[in-house]
2 protein chains.
Amino acid sequence: MARSPHDTRRPLTLRDVSEASGVSEMTVSRVLRNRGDVSETTRERVLEAARRLGYVPNKIAGALASQRVNLVGVIIPSFSNLVFPEVLSGISAELENTGLQPVVGVTDYSAEKEERVLYEMLSWRPSGVIIAGLEHSGNARAMLENAGVPVVEIMDVDGAGVDAVVGISHRRAGRHMAEAIIAAGYRRIGFLGTKMPEDHRARKRLEGFNEGLAAAGIALVDTEFYSGGSALSKGREMTEAMLARSPDLDFLYYSNDMIGAGGLLYCLEKGFDVPGQLGLAGFNGVELLDGLPRKLATMDACRREIGRKAAQVVARRAGATADEAAGGVEEQVIELQPVIELGDTIRRP
Amino acid sequence: MARSPHDTRRPLTLRDVSEASGVSEMTVSRVLRNRGDVSETTRERVLEAARRLGYVPNKIAGALASQRVNLVGVIIPSFSNLVFPEVLSGISAELENTGLQPVVGVTDYSAEKEERVLYEMLSWRPSGVIIAGLEHSGNARAMLENAGVPVVEIMDVDGAGVDAVVGISHRRAGRHMAEAIIAAGYRRIGFLGTKMPEDHRARKRLEGFNEGLAAAGIALVDTEFYSGGSALSKGREMTEAMLARSPDLDFLYYSNDMIGAGGLLYCLEKGFDVPGQLGLAGFNGVELLDGLPRKLATMDACRREIGRKAAQVVARRAGATADEAAGGVEEQVIELQPVIELGDTIRRP
DNA sequence: CCCGGCTACGTTAGCGATAACAAGATGGGG
DNA sequence: CCCCATCTTGTTATCGCTAACGTAGCCGGG
């Protein structure tokens, strides 16, 4: 509980507990970690003393001595994009009972900052690293390769990973959406997305989308990009701008659900016939948006599942010994399959 | 860069770098930390060797030796509630150039889990702790008191803090909203909120709201609570249910913007006269929702700002020596003022 | 030419825990 | 009654790094 009488503010150590309970530091250590044989009576004596003093073990020292760290580094581009908190939530839930703890770093979509954050993380010798994306600077890649711990690159499987990879194919996702749109009979299609060269996944989706259209002999009629601001209202504005410019469009493909929702609200207000005259689709499948007047067509990006799976991989591998980890580097790619949800904004056959 | 030829997978240490560059470990340490006097030539020689080997310092050892850790523990209830990623974003931004790094733990609104997470965090001897809320278990409170590092409790100022506190008064926020609603002439008021006894802030808002109503001789006409599911569609359902039950209501106060938005969409669809016949208000001021057909009345909870301010406090105090920190415990409460935004869903005078 | 005062390093001794081994108890079988 | 297996506890030696102090050179002034 509270501090003892003679509170000199010197942080407590094993020695304090050992003196208070009349056993060696080693025995205290054993009790606190539930390791090795300790008699029931001394165990209780030790626990009582630790509780009374308010002792909190020093994992720094413990980690140094045991060469074991229960931290998993997680590197994401941003907290603002709804997607990543969801991934984190999955990781956090999955790690829950493994004794591992996530440590989060943010890159703001900057490769240089990613490098710094990664360096910082590795300097804590985590048991594993989960990092968003497959595109990293040369240095970052080298660090990941030499880290000597499991590395899981998440979100995206279109490309070569360093170690394990868990995600979806954004290229294929874009392509499938194009096919679904064409199958529904739409032909004059516009694209609305973010102005982020750093967002490789959005880029790949667009590339795949264009491939899908091309395969049917179609090309995008118009495109519009934005940056910053509230996605919902940006979606509105972009939609208005694009429809003013290209009034004959019959489909709008948005690079994410939030701007798509903005567009949907705009179209409904204007009284457009959705999905008859004008179809709409977004990407991500954010649950947040269930409850809009119509359900926006989208593809679920499996965010939480990606987090869970990635955490599973790390947990399993981190359990293995270093030798196993170094030896049988079972290179693995877990590709999840996003499912198209036509919702109410794509014509049904 | 990459690993050297004879890659035995033994993690690199200062000694490797010191041997590779022909100086002592201490000198390498100095170079890598930019500390003390080192001649330009040896500095470069060392840096070159470190880079060539791909050396990453071991902060565990460093922290143990120097008794300094550049981590700040951040404990939040959940990633799913939009609010907390925003706070994190503020913390992360503010810590950016201080050399400190946030480490996040999640409690799922459980006091017991909060205790575990806190224990875990403190065992890494962070330079500071930022924790959501003022309500903690006895053990947790004791740990915070004895941690010997700056502690900042965030979000809420209605209660007694352990050390520093940064947040808003939810009680007052509720009261002010009640006053604004009454001032606008509404009288028959319903409340819709979450069924979470653990969410103390929502509870305090409701209490304040009731106080505000009581001061005008009014009482809530109806209340409805939900848990789980997508907030937007829950907002819809609850609103429908409540209006079916109490059709004579003239105002609906929602405990957060997401359910409020759901309610707003429902009301607009049904063709209710908002805000004339029926007024609506939420809480949080989530920017995400800019772009709805009408702007929902709300109060900005200053989430990002809370994060920034909390991080500032930690950064400043962590800079001070332990003695200063222990001595001049400048107990401080930073109360931010949420501003009512009437939006389009409360009648204007 | 000696000495004080830099500058640029090196040495020594931990930091607080754990691994690995050592060594008292304890008890049961021969 | 002795010996060895079984339990339980203690000892010793790191883990990789840094604080604090020590010490060669080197310089210039008296």
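Below, chains carry the letters A, B, ... as their sequence lines are ordered, and counting in each starts from 1. Side chains are part of it too, since the values below use all heavy atoms of this structure and drop only hydrogens, waters and symmetry mates.
Mapping A:Gly36 and B:Ala63 onto DNA chain D by nearest heavy atom places A:Gly36 closer to the 5' end of the strand. Across the interface with DNA chain C, nearest-nucleotide mapping of B:Leu64 and B:Arg43 shows B:Arg43 to be the residue nearer the 5′ end. Comparing B:Arg45 and B:Ala65 by the nucleotide of DNA chain C whose heavy atom lies nearest to each, the residue mapping closer to the 5' end is B:Arg45.
Side-chain atoms of A:Arg125 stay outside donor-acceptor range of the base of D:dG16, with no qualifying N/O pair under 3.5 Å.
Summarising the geometry, the separation between CE on A:Met26 and P on C:dA22 is reported as 15 Å, rounded to the nearest angstrom. Atom CG of B:Asn70 is separated from atom C1' of D:dC17 by 15 Å (rounded to the nearest Å). Summarising the geometry, the separation between CD on A:Glu25 and C1' on D:dT12 is reported as 12 Å, rounded to the nearest angstrom. Atoms CZ (A:Arg15) and C1' (C:dG14) sit 13 Å apart, rounded to a whole Å. Between the NZ atom of A:Lys59 and the C1' atom of C:dA17 there is a distance of 12 Å, given to the nearest Å. If you measure from atom CG of A:Asn58 to atom P of D:dC15, you get 18 Å, rounded to the nearest angstrom. Look at CG on A:Leu14: it is 15 Å from C1' on D:dT9, rounded to the nearest Å.
Pairing each heavy atom of B:Val69 with each of B:Ala63, the nearest pair is CG2-CB, 3.9 Å. Across A:Glu135 and A:Asp156, no two heavy atoms sit closer than the pair OE1-OD2, 4.3 Å.
For B:Ser29, a side-chain nitrogen or oxygen approaches OP1 or OP2 of D:dT18 to under 4.0 Å. The shortest distance between the side-chain N/O atoms of A:Ser39 and the OP1/OP2 oxygens of D:dT9 is below 4.0 Å. B:Arg68 has a side-chain polar atom (N or O) that falls below the 4.0 Å cut-off from OP1 or OP2 of D:dA19. One finds a side-chain N or O of A:Thr42 lying less than 4.0 angstrom from the OP1 or OP2 phosphate oxygen of D:dT9. OP1 or OP2 of D:dC15 has not a single side-chain nitrogen or oxygen of A:Ser66 nearer than 4.0 Å. Proximity of B:Arg35 to the phosphate of C:dA8: no side-chain N or O atom is located under 4.0 Å from OP1 or OP2.
Under the side chain to side chain contact (heavy atoms under 4.5 Å, CB included) criterion, B:Ala111 pairs with no residue at all, not counting sequence neighbours. In this structure A:Glu120 satisfies the salt bridge (Lys or Arg N to Asp or Glu O under 4.0 Å) test together with B:Lys59, sequence neighbours excluded.
Of the candidate nucleotides C:dA8, D:dG16, D:dG10, D:dG16 has the atom nearest to the side chain of A:Gln67. Listed candidates were D:dT18, D:dC17, D:dG10. Nearest to the side chain of B:Tyr55 is D:dC17. Comparing C:dA17, D:dG10, D:dC17 by their nearest atom to the side chain of A:Ser24 picks out D:dG10.
Residues A:Arg30 and A:Asp37 are not paired through a salt bridge, judged by the lack of any N-O separation under 4.0 Å between the basic side chain and the carboxylate. Ionic pairing of B:Glu86 and B:Arg304 is not present here: no N-O contact between side-chain nitrogen and carboxylate oxygen is shorter than 4.0 angstrom.
Residue B:Arg30 is classed as a base contact, given a heavy-atom separation below 4.0 Å to a base. As judged by a 4.0 angstrom heavy-atom cut-off over every strand, A:Asp37 is placed among the base-contacting residues.
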